[in-house]
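Numbered from 1 within each chain, the chains take letters A, B, ... in sequence-line order.
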Number of protein chains: 2
Amino acid sequence: MARYRVGLETRERILAATRRLLSEFGIEGVTLKAITDQARVGAGSFYNLFDSKDDAVFEVVREAIDAVDPDPAGVGSDSLADLVDAFVAFMTGSSPIARIYLQLAGRGLTDPAIAARVLRSHRRRVERFADAWQREEPQLPPEEAERRAELMLAALTGLGMTTLMDPSFDMRRHAQGLLPASATAAR
Amino acid sequence: MARYRVGLETRERILAATRRLLSEFGIEGVTLKAITDQARVGAGSFYNLFDSKDDAVFEVVREAIDAVDPDPAGVGSDSLADLVDAFVAFMTGSSPIARIYLQLAGRGLTDPAIAARVLRSHRRRVERFADAWQREEPQLPPEEAERRAELMLAALTGLGMTTLMDPSFDMRRHAQGLLPASATAAR
DNA sequence: TACATATTGGAGTGTACGCTCCATTTCTGC
DNA sequence: GCAGAAATGGAGCGTACACTCCAATATGTA
């Protein structure tokens, strides 16, 4: 839709505003007026660039889901500790995306379309954690590795929720407790 | 507000409708019209019994938060396995309350008032899990017991989210993996 | 039975929302 | 520099929402 440079810039301003509102006030805090005020743009400009309000929201939401896996193409050379670190950094970092991701998971409880997307990215992540477990303990049966990966991610998600609600919560310390003794010792 | 029998019954019908809508369609699925249609009640009757729509919603929400702890008065004689079982049963049971509880946690990410409530009930639950760990392994330092309790609850919360999004997910089996070998063997 | 008060449904109100329309301005390739 | 297309702001539209108002009716009490 956008063909000229100014249009593309405006598009970015709108997405930035949507990102900010989404993380700070949640899905119901994102109104068209809020977006256009924040982006300093008229409604007409918005609809020149997006088909609907949800169009912009979904774009940000897609970002959020993908961002949990910082290296989707990675063939999987990361260690367990690296993966845990990356997850913790994502949750405790200043990016609004983490908040959006967890809110989204909550929304997935009632919206099947969102649930499907969230689950798909979840599965991918479980795979990567399972691979890392295998590398950590090569004698582990694949099934057991996957079981542990699932538990680890569940715990990280739960810790993430706590840390976003309670800024004084030390997620990194707690997350270290998820690593096997071998990985912890190696740090 | 309700003084006569019929009024109290209507109140219950309204709360049941709110509960159902909340769990099935999420917070944004709860409109006044939806509630009054579902409860087969006019708007006037609703406002005769509740101060606002949110009044009814919060009542249900309070239920949901409390329901995670089935025995709040329990001095803590439950075993770890019992507590895990109770949590799993709560999540996988047919009650809409579990869905509401997790949606609520998601909402807590942007609403400080809700975050405070959720965190408070979370802390209570961590205490109970920590006590159970102490009973399971009496030589455990209290700090370590609390650390493990926190991780366990985080994992249960994460598994709960997955299981609510993916009905084919076997939460019970995964949750068993959280128990120490001693508790598992004793089952 | 008679009275006071609680309960009822639903038409009506004000407001906030997503979105359209369009006259005006800005941009870019030639 | 010009022409044609893109970008812009904001007034205005239709709709859905939470909530009010009130006349009619049901309920409990003495």
Side-chain angles (χ1 to χ4, degrees), chain A residues 1-62 100 103-104 107 110-111 113-114, chain B residues 1-62 100 103-104 107 110-111 113-114:
Chain A
M1 223 85 174
R3 292 241 247 272
Y4 292 169
R5 187 181 43 80
V6 277
L8 292 169
E9 283 169 6
T10 302
R11 208 185 131 83
E12 278 316 305
R13 277 220 310 291
I14 289 174
L15 287 175
T18 306
R19 217 162 9 235
R20 196 136 99 85
L21 290 165
L22 211 42
S23 80
E24 193 163 353
F25 303 110
I27 298 231
E28 71 273 21
V30 183
T31 63
L32 193 73
K33 186 170 170 7
I35 293 176
T36 53
D37 281 359
Q38 181 93 195
R40 293 213 254 151
V41 150
S45 310
F46 180 96
Y47 283 97
N48 181 46
L49 297 163
F50 295 90
D51 286 342
S52 67
K53 191 198 76 169
D54 282 342
D55 191 12
V57 171
F58 281 143
E59 175 125 5
V60 171
V61 153
R62 228 171 295 130
I100 298 172
Q103 280 172 34
L104 212 63
R107 205 178 154 88
T110 56
D111 183 334
I114 291 188
Chain B
M1 222 84 176
R3 291 241 248 271
Y4 293 168
R5 186 182 43 81
V6 279
L8 292 169
E9 284 168 5
T10 302
R11 206 186 133 83
E12 278 316 306
R13 279 218 309 291
I14 289 173
L15 287 175
T18 306
R19 216 161 9 235
R20 196 138 98 85
L21 291 164
L22 211 41
S23 81
E24 194 162 354
F25 304 110
I27 298 232
E28 70 273 19
V30 183
T31 63
L32 193 74
K33 186 170 171 6
I35 293 177
T36 53
D37 282 359
Q38 182 93 195
R40 293 213 254 149
V41 152
S45 310
F46 180 95
Y47 284 97
N48 181 45
L49 297 163
F50 295 89
D51 287 342
S52 68
K53 192 197 74 169
D54 282 342
D55 192 10
V57 170
F58 281 143
E59 175 125 5
V60 171
V61 153
R62 230 172 292 131
I100 298 172
Q103 279 172 34
L104 210 65
R107 207 178 152 88
T110 55
D111 184 334
I114 291 188

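- Rounded to whole Å, atom P of D:dA7 lies 14 Å from atom CD of A:Glu12.
- Dashed line: the shortest gap from a side-chain N or O of B:Thr10 to OP1 or OP2 of C:dT8 is under 4.0 Å.
- Note that OG1 of A:Thr18 and CZ of A:Phe58 are 12.5 Å apart. Values are rounded to the nearest 0.5 Å.
- For the residue pair A:Gln38 and A:Leu21, the shortest heavy atom distance occurs at NE2-CD2, 4.2 Å.
- Rounded to whole angstrom, the span from the CZ atom of B:Phe50 across to the C1' atom of D:dT20 amounts to 18 Å.
- One end of the helix from C:dT1-D:dA30 to C:dC30-D:dG1 points its axis 30° away from the other end's axis, with each axis taken from 5 pairs and the angle rounded to 10°.
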Within the 4.0 Å limit for protein heavy atoms, which parts of nucleotides 21-30 of chain D are touched? Write it as a string from 5' to 3', B for base, S for sugar-phosphate only, - for none.
B-----BS--

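- We find that CZ of A:Arg11 is positioned 16 Å from P of D:dA6, with the value rounded to whole Å.
- Partners of B:Glu24 under the side-chain hydrogen bond (donor to acceptor under 3.5 Å, both in side chains) rule, at least two apart in sequence or in another chain, do not exist in this structure.
- Counting to the nearest Å, the P atom of C:dT26 and the CD atom of A:Glu9 are 15 Å from each other.
- Residue B:Asp55 contributes atom CG, which lies 14 Å from atom C1' of D:dA18 at whole-angstrom precision.
- B:Thr36 comes within contact range of no nucleotide atom at all, as no heavy-atom separation falls under 4.0 Å.
- Taking all atoms of both residues into account, the shortest heavy-atom contact from B:Gly29 to B:Ala34 is O-CB, 4.0 Å.
- Counting to the nearest Å, the C1' atom of C:dG10 and the CG atom of B:Asp37 are 12 Å from each other.
- By the side-chain hydrogen bond (donor to acceptor under 3.5 Å, both in side chains) test, A:Arg13 is found to be paired with no residue, residues two or more places apart in sequence or in another chain being considered.
- Closest of all the heavy-atom pairs between A:Leu15 and A:Val60 is O-CG2, 3.9 Å.
- At whole-Å resolution of the value, CZ in B:Phe58 and P in D:dA18 are 14 Å apart.
- Checked against side-chain hydrogen bond (donor to acceptor under 3.5 Å, both in side chains), B:Glu12 has no partners two or more places apart in sequence or in another chain.
- Near DNA chain C, meaning a heavy atom under 4.0 Å away, there are no residues from residues 15-34 of chain B.
- Nearest approach of B:Ser23 to A:Thr110, heavy atoms of both residues: O-CG2, 3.9 Å.
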Might you work through the side-chain contact (heavy atoms from CB on, under 4.5 Å) test for B:Asp55 and B:Phe46, ending with a clear yes or no?
CA-CA 11 Å; B:Asp55 192 10; B:Phe46 180 95; over 6 Å; no

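- Whole-Å rounding puts the B:Asn48 CG to D:dC19 C1' distance at 14 Å.
- Contact of the B:Thr31 side chain with the B:Phe25 side chain is not registered, since no non-hydrogen atoms from C-beta on lie closer than 4.5 Å.
- For the atom pair CD1 (A:Ile27) and CD1 (A:Ile114), the distance works out to 6.0 Å, reported to the nearest 0.5 Å.
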